[in-house]
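Sequence lines set the chain letters: A, B, ... in the order given, protein chains first and strands last, and positions in each chain run from 1. As a basis for the values below, the full set of heavy atoms in this structure was taken, side chains included, without hydrogen atoms, waters or symmetry mates.
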Amino acid sequence: MHFSGVHERIRHWFHSKGWQPFDFQLDVLREYDRVETGLVHAPTGMGKTVAALLPVIHHEFQLRDAAASGSDGTPDSGLKLLWITPLRALAGDTVHSIQSVLTGHGIDWKVEARTGDTSASRKARQRKALPDVLVTTPESLSLLISYPESTGIFNGLRSVVVDEWHELLGSKRGTQTELGLAHLRRRRPALKVWGLSATLANLDLAVEVLAGTHPRKTAIVSGRHEKEIHIESLFPDSMDCFPWAGHLGLALLDRVLEVLDRASTSLVFTNTRSQTESWFHAIRDARPQWDGAVAIHHGSIDRKEREPVEQGLKDGSLKVVVCTSSLDLGVDFIPVEQVIQIGGPKGIARLLQRAGRSGHQPGRPSRIVCVPAHSLELVEYAAVRRAIATGRIEPRNPLEKPFDLLVQHVVTLCLGEPRPADEIFAEIRSAWAYRDLTRTEFDWALDFIQFGGKSLRAYKDYSRLMEEDGKLHPRSNEVGKFHRMGIGTITSDTAVPVKFKSGKTLGSVEESFISRIRPGQVFIFSGRTLQLEKFHANTAYVRAASGKKPGVPSWDGGRTPLSSQLADAVLEQLECFARGELDSEELRQVAPVLNRQADSSILPLPDTLLIENTRIRRSQSWFVYAFGGRLAHEGLVALVAWRITEQFKATVVTSVNDYGFHLSVNCDLPADAAFWNEILGSEDLEADLLECLNASEMAKRQFREIARVAGLIFSGYPGARKSARQVQVSSQLLYEVFSRYEPEHLLLDQARREVLQQQLEINRLRQLLEKIHSRKIQIVSTGKLTPMAFPLWAEMIRGEISSESWTDRVRKMAEELSRDSTAA
DNA sequence: GACCTGCTGCGGTGTG
């Protein structure tokens with residue numbers, strides 16, 4: 001390897017820190033001249049930040065050397081490096097670490113952040129002149145682009161780093177980043193762009209998306225230092241008394257406490273917010289001596305309450321933090337000794353990400369302790385360990401031309417600088433997501449922005465731009481004001497704020513939860529026991545309380561399905577088990593349950609589709625183990641139920657989980673493979689789905705978010721947000737107007753598309769159906785519920801009856817089952 | 001004797 005003087009200086013810096021450079025860091029340095037868009041992927045905590053800065057430093061050294069030898073002019077002033085991060089909470093720490101690496105090399109650039117947290121005066125200054133390095137979010141970048149006085153501030157920009165690109169890639173925020181990059185590249189054609197990412201299955205696509213459509217020289221640089229991951233599971237004393245279903249996992253509380261005892265800092269990850277509340281209370285009640293050293297963190301807790309928790313982790317004053325994905329990324333700069341996962345892993349990448357929160361330093365292994373909430377989760381842990389060992393991981397799929405964001409971005413661009421339509425079209429098409437955007441679609445968007453489209457022509461409010469001298473201009477200053485308040489793609493939920501009378505906000509809960517609580521009743525939230533004082537002006541006023549049996553809130557959140565990769569890996573583990581290859585402790589432990597499944601039915605395997613048929617009182621229950629994840633199953637079960645009722649005069653009750661779905665039918669269905677093959681046919685899938693799912697209701701809800709991103713709905717001034725109801729009313733009105741007068745409206749089309757793709761995972765469903773037809777259908781009649789059927793049955797009766805009798809019925813059924821097993 | 005669910009993320013005005 002040849003090292004110029006520049007490389008020597010960089011080597012020297014590593015030496016001064018007592019570090020060895022990693023190969024991939026030097027690879028990035030070597031690729032810099034050749035490559036225009038690159039992607040660095042390495043496990044978390046492996047020095048990606050330094051890797052991204054080395055070429056920037058190298059370039060600056062070259063310029064300085066040239067200037068010193070008199071061959072070049074003065075160095076650029078203003079912004080040279082733009083660093084995009086998805087999380088504003090990371091911006092401050094990123095500023096410091098960039099600053100320190102640069103200073104170490106004798107480069108005294110000014111490094112600043114610009115996010116929503118930045119002070120108003122600094123933001124005002126930054127509109128006109130930027131520091132040498134700016135750390136920002138995709139949203140704040142869009143805002144910068146939207147200010148007329150910012151024209152020119154990117155004129156000295158040399159490189160962009162997109163941090164945590166894997167996190168942005170699969171979302172509209174990623175698409176927004178693509179559009180931002182397309183704009184910056186138009187201004188600076190020679191721009192170098194580097195993405196930093198965790199490992200993904202589709203790295204090639206990830207770099208392609210980052211590069212956009214211009215032919216660009218790209219490279220993928222891999223961190224070769226494999227991170228060591230230790231996955232350990234906790235087991236109950238006996239599988240006999242371990243639940244077959246459920247999600248809380250508190251059965252293993254004592255074991256978890258022992259694990260917490262042995263480390264000074266632990267992160268306890270859960271899968272839901274309400275689970276976080278339950279575990280926080282359980283731990284605090286069991287270890288009162290840890291008072292003040294146990295904290296809770298999730299997305300519905302107010303940011304002001306969360307910040308001290310993050311700080312407590314940083315300074316080591318907290319021993320245990322119970323959290324959701326809210327701390328998946330946010331603790332990059334924090335030393336955590338061990339990580340605990342309560343409940344199923346859901347995905348391979350997800351477990352890796354969480355495990356990576358511990359041992360967050362080169363050379364140190366990551367450890368994660370997995371706590372099953374029910375028996376079959378042990379198979380998931382075995383599967384995820386195997387998948388990691390064989391290098392299998394999920395892809396993240398980028399979005400394709402979302403029209404709501406297109407509409408938003410065109411306005412953003414024209415606010416910053418009035419431009420001819422052709423030029424804007426070309427720029428937008430250079431972003432990967434819009435590479436296939438047709439001129440017709442683009443013209444539709446322009447017409448919509450200028451005149452409100454076909455159906456809103458009469459309303460001036462929807463006319464945002466106008467053409468003058470061949471350029472698109474904002475129609476008024478008002479347009480800019482309202483538009484900037486709506487920039488971004490995250491649409492917030494409909495939750496009710498929870499406040500003390502003093503005015504301090506604790507966070508927010510679901511309206512459906514708080515409406516069940518009467519004043520005087522006690523519930524837990526944000527780790528506190530609270531009493532509802534009154535519900536007034538869409539706000540829940542509470543005071544601290546003590547009380548037994550407090551209610552635990554639940555939220556209407558996302559329902560992360562088991563990933564396809566992990567579902568396949570689970571089936572493979574069952575196959576291993578069937579072959580007698582019990583090469584993990586998890587499989588050995590769960591053996592009694594799997595044996596019972598195999599004895600009373602069969603084990604579902606990769607090449608079979610198991611359908612169980614059980615008579616429960618007067619109904620026939622059919623359990624289909626399709627292993628498609630709960631979202632795809634929700635679509636599938638609706639479809640199957642609909643097709644059944646088309647053929648038979650029957651009432652069908654359904655339930656789903658990640659492994660399969662269940663139909664309870666009050667008539668006899670044929671127990672032969674041909675019938676099920678037909679019922680599960682993939683013909684007319686989309687049309688049938690839209691028909692049977694009451695799709696317009698789902699689309700209507702999805703449309704609300706689309707209308708907000710497209711700037712059709714103003715959701716209120718900061719600090720004085722409109723209520724969910726108000727937003728709902730105006731979005732519904734628009735939906736109805738479009739449906740009536742302009743059914744081909746591209747935003748309606750997008751709403752349907754998003755329902756199919758995001759809420760029902762149509763692509764996965766389609767693949768699933770194809771896979772089903774290549775599998776052998778095996779129908780087994782069972783006398784009793786099997787271990788795999790039990791959770792689906794319990795899930796079904798949850799929707800049927802009150803919680804009191806739910807408990808009774810589950811207990812009764814469990815007792816019945818356990819009597820059988822002792823008798824057997 | 002088993003059990004009640006369901007993630008995250010950002011940003012903004014203007015006038016007295």
Side-chain angles (χ1 to χ4, degrees), chain A residues 85-90 115-118 120 123 136-143 146 164 167-168 171-174 176 236 238-251 269-278 298-300 303 323-330 343-344 346-347 350 373-375 477-478 480-493 510 551-561 630-631 657-658 714-721 787 790-791 794-795 797-799 801-815 817-819:
Chain A
T85 170
L87 218 62
R88 60 183 163 202
L90 289 178
T115 69
D117 297 336
T118 307
K123 271 192 224 165
T136 190
T137 57
E139 289 82 3
S140 284
L141 172 60
S142 287
L143 281 160
S146 83
E164 315 275 7
E167 206 44 51
L168 290 168
S171 72
K172 251 179 227 176
R173 300 186 76 200
Q176 189 173 19
S238 155
M239 270 296 150
D240 294 341
C241 1
F242 200 63
W244 287 357
H247 78 283
L248 270 178
L250 284 166
F269 281 107
T270 66
N271 291 333
T272 71
R273 284 166 280 185
S274 85
Q275 205 176 6
T276 307
E277 298 276 351
S278 298
H298 63 69
S300 287
R303 273 220 299 146
C323 60
T324 57
S325 313
S326 54
L327 285 180
D328 270 358
L329 288 177
K346 301 284 185 188
R350 179 176 155 118
H374 62 78
S375 311
N477 287 337
E478 285 269 283
K481 180 179 119 181
F482 285 109
H483 182 76
R484 289 188 189 99
M485 284 191 275
I487 278 184
T489 62
I490 298 170
T491 50
S492 45
D493 41 14
E510 214 66 42
V552 184
S554 57
W555 284 266
D556 251 343
R559 288 177 291 174
T560 325
R630 59 174 316 120
L631 296 182
N657 66 13
D658 276 321
F714 178 59
S715 35
Y717 286 99
R721 305 208 61 101
F790 185 78
E795 182 77 26
I797 66 163
R798 190 155 67 102
I801 51 183
S802 74
S803 64
E804 231 31 73
S805 47
W806 190 91
T807 315
D808 292 346
R809 275 182 73 180
V810 169
R811 185 170 295 128
K812 251 170 72 189
M813 178 60 82
E815 278 163 8
L817 290 173
S818 91
R819 258 202 316 281

B:dC10, OP1 or OP2 - any side-chain N/O from A:Thr489 closer than 4.0 Å? no

Can you find a side chain N or O atom of A:Ser554 that sits less than 4.0 Å from OP1 or OP2 on B:dG6? yes

Return the value, rounded to whole Å, for the distance between atom [atom1] of [X] and atom [atom2] of [N].
{"X": "A:Trp555", "N": "B:dG9", "atom1": "CH2", "atom2": "C1'", "answer": "17 Å"}
{"X": "A:Glu277", "N": "B:dC4", "atom1": "CD", "atom2": "P", "answer": "16 Å"}
{"X": "A:Arg273", "N": "B:dT5", "atom1": "CZ", "atom2": "P", "answer": "14 Å"}
{"X": "A:Leu87", "N": "B:dG11", "atom1": "CG", "atom2": "C1'", "answer": "14 Å"}
{"X": "A:Trp244", "N": "B:dG1", "atom1": "CH2", "atom2": "C1'", "answer": "12 Å"}
{"X": "A:Asn657", "N": "B:dT5", "atom1": "CG", "atom2": "P", "answer": "15 Å"}
{"X": "A:Arg303", "N": "B:dC10", "atom1": "CZ", "atom2": "P", "answer": "7 Å"}
{"X": "A:Leu250", "N": "B:dT5", "atom1": "CG", "atom2": "C1'", "answer": "13 Å"}

Just checking [X]: base, sugar-phosphate only, or nothing, at a heavy-atom cut-off of under 4.0 Å?
{"X": "A:Leu168", "value": "nothing"}
{"X": "A:His483", "value": "nothing"}
{"X": "A:Ala251", "value": "nothing"}

Is the closest side-chain donor-acceptor distance between [X] and [Y] under 3.5 Å?
{"X": "A:Ser142", "Y": "A:Gln176", "value": "yes"}
{"X": "A:Ser274", "Y": "A:Trp555", "value": "no"}
{"X": "A:Arg350", "Y": "A:Asn271", "value": "yes"}

base_contact_polar (B:dG9 base, A:Arg88 side chain, donor-acceptor, <3.5 Å): no

Between the protein and nucleotides 12-16 of chain B, which nitrogen or oxygen pairs come in under 3.5 angstrom?
{"from": "B:dG12", "atom 1": "OP2", "to": "A:Lys123", "atom 2": "NZ", "distance (Å)": "3.0"}
{"from": "B:dG12", "atom 1": "O4'", "to": "A:Arg484", "atom 2": "O", "distance (Å)": "3.3"}
{"from": "B:dG12", "atom 1": "N2", "to": "A:Arg721", "atom 2": "NH1", "distance (Å)": "3.0"}

If you check every side-chain atom of A:His247, which of B:dC4, B:dT8, B:dG6 has the closest atom? B:dC4

Among B:dT8, B:dG11, B:dT5, which is the nearest nucleotide to the side chain of A:Thr137? B:dG11

Listed partners of A:Thr272 passing side-chain hydrogen bond (donor to acceptor under 3.5 Å, both in side chains), at least two apart: none

Which residues pass the side-chain hydrogen bond (donor to acceptor under 3.5 Å, both in side chains) test with A:Glu139, sequence neighbours left out? A:Arg173

Nearest-nucleotide 5' precedence on DNA chain B, A:Arg173 against A:Arg630: A:Arg630

Return whichever of A:Asp658 or A:Gly488 has its heavy-atom-nearest nucleotide of DNA chain B closer to the 5' end. A:Asp658

Do A:Asn657 and A:Glu795 have side chains that get closer than 4.5 Å, going by heavy atoms? no

Evaluate the ring planes of A:Phe714 and A:Phe482, with Trp represented by its six-membered ring, and classify them as parallel (under 30°), tilted (30 to 60°) or perpendicular (over 60°). perpendicular

Do NZ/NE/NH1/NH2 and the carboxylate oxygens of A:Arg273 and A:Asp556 come within less than 4.0 Å? no

